[in-house]
Amino acid sequence: MAAAGIALHPACRVRREGFGLLFYDLRGPRLLFAETGDLIPVDFFEAPRGMDEFPDGVSARQKTVLQKFVKQLLDKGFLREQ
Amino acid sequence: MSNKYVEMGLRAPVNLTWEVSLACNLRCTTCLSSSGEPAAGELTTAEALDLVEQVHQARVFQINFGGGEPFMRPDFEQILDACHSRGIMTCISTNGTLIDAERVARLSKTKLVAIQVSLDGASPATCDAVRGKGVFNRAVEAVKLLAASEIPTSINTVLTTQNAGEIPAMYELARSLSVSLRVSRFRPSGRGADNWEQLRPTPSQLLEFSDWLAKSGDVRTGDSFFSLTSQERQGLGLNLCGAAKLTCCVGPTGNMYPCAFLQTDRFFAGSLRERSFQQIWDDSEIYDSFRSLRIHSCEECTRFDQCHGGCPAVAWHLKNDINGGDPECLERCVTSIADTARIAAAA
């Protein structure tokens, strides 16, 4: 069985800011300020990817943090499973 | 809303208000920009399309189109197409009179557009007193066409003393048409300044509206009532003025301002005919002054964390003082009503 993929919801956008990533959801509209620093490039969310796919060079500890972050984005509707 | 991140300064606005033309086929008494005839030297199609590309490069998420009546521009749908092809979300504020089935069908092809139709009363008599004879019925017809499509649609009502009592009925009207209701603040700008004293809501109407809004979480306000926002709506939107921090305004001739209600020389941030969108956002002195604006006169107020001094545009238009604090905030409404009652009792 193929692993579930995740991607940015079509009603949402993301861009890079000094503090990390800024998410926007047209449906609210609402914003989410994510203090991710340089950990995640902005294009990380722009194409569908697996739940456990993370940028190269991410440590095991950072992966744990990122997994939690991705789960939060899913729960808040900024990402969706495909 | 996290003020910490906003105060760090964003690389671009989250959304842009773009008044694409001053041309309008109506003469509404509340119009913030005294629209009617097009402005001299409005952006050409090529300039407008170039601005769309600049906004895209800046990664602005959304453009809110207003005017004037945006559909008075013959190239407006071309501008919209340029936005949508770049993934820019758009919201159009229209009077509805130029909406027909063919236009709705064309706009329905994208999922990136939302439309607000202005309607300033729940009855033709109230609405048409502001917007002109027959406009209520034409706008309702437009809403019906849009509601039958997949375009997210709302009725936008500017709160005045004349329609304050009809807001619950506006809500029911919107529900009956299967659209949402958005209520905007009346500000003393453009023709709104000329008609301010006759149309401004009274402090008791504002308090009553604030109470009603607290119970109506599905009503949008475009964050224009944060100075009146009760505890119940905290978290639904802004708790500070977003001008030059989260948003900014481009006027019909390509001049940039902090917001649509401050399109005067005093608040001119730069011309897109002389500098780029990003340069003006990054370097404008007037934008810098808004980013560092602190309404010290409000800091002792118990509601300061909820509104941070309210709308500087209203303070400017009514008191000629950008630092003066919002004259129509919740606290001042309460104080005004108490003062009036005290004077009446003394008399």
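Just so it is clear: chains get the letters A, B, ... in the order the sequence lines come, proteins before strands, and each one is counted from 1.
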At a heavy-atom separation under 4.5 Å, does [X] approach chain B through its side chain, its backbone, both, or neither?
| X | answer |
| --- | --- |
| A:Leu22 | both |
| A:Val42 | side chain |
| A:Arg16 | both |

- Going by heavy atoms in the side chains, are A:Leu31 and B:Tyr5 under 4.5 Å from each other? no
pair B:Arg220-A:Pro29: side-chain heavy atoms closer than 4.5 Å
yes
query: Is there a donor-acceptor contact under 3.5 Å from the side chain of A:Arg13 to the main chain of B:Gln62?
result: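 Checked: no pair found.
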Mutual orientation of the aromatic rings belonging to B:Phe61 and A:Tyr24 [parallel < 30°, tilted 30-60°, perpendicular > 60°]: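 Taking A:Tyr24 first and then B:Phe61, their aromatic rings lie parallel (interplane angle under 30°).
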Q. If you take all heavy atoms of A:Glu35 and B:Lys4, which pair is closest and at what distance?
A.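 Closest approach of A:Glu35 to B:Lys4: OE1-NZ, 3.4 Å.
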Residues A:Arg15 and B:Leu10: closest non-hydrogen pair is NH2-CB, 3.9 Å
Please check if the number of heavy atoms outside [X] that lie under 6.0 Å from its [atom1] is greater than 12.
| X | atom1 | result |
| --- | --- | --- |
| B:Gln278 | CD | yes |
| B:Arg86 | CZ | yes |
| A:Asp43 | CG | yes |
| A:Arg61 | CZ | no |

If I take atom NZ from residue B:Lys111 and atom CG from residue A:Leu26, how far apart are they, to the nearest 0.5 angstrom?
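So the gap between those two atoms works out to 13.0 Å.
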key: Proximal component of B:Ala114, with respect to chain A [non-hydrogen, under 4.5 Å]   =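 Contact with chain A: none, neither part.
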**Asked** Among B:Cys91, B:Pro152, B:Gly87, which has the most heavy-atom pairs under 4.5 Å with chain A?
**Response**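 When all of B:Cys91, B:Pro152, B:Gly87 are compared, B:Gly87 has the most.
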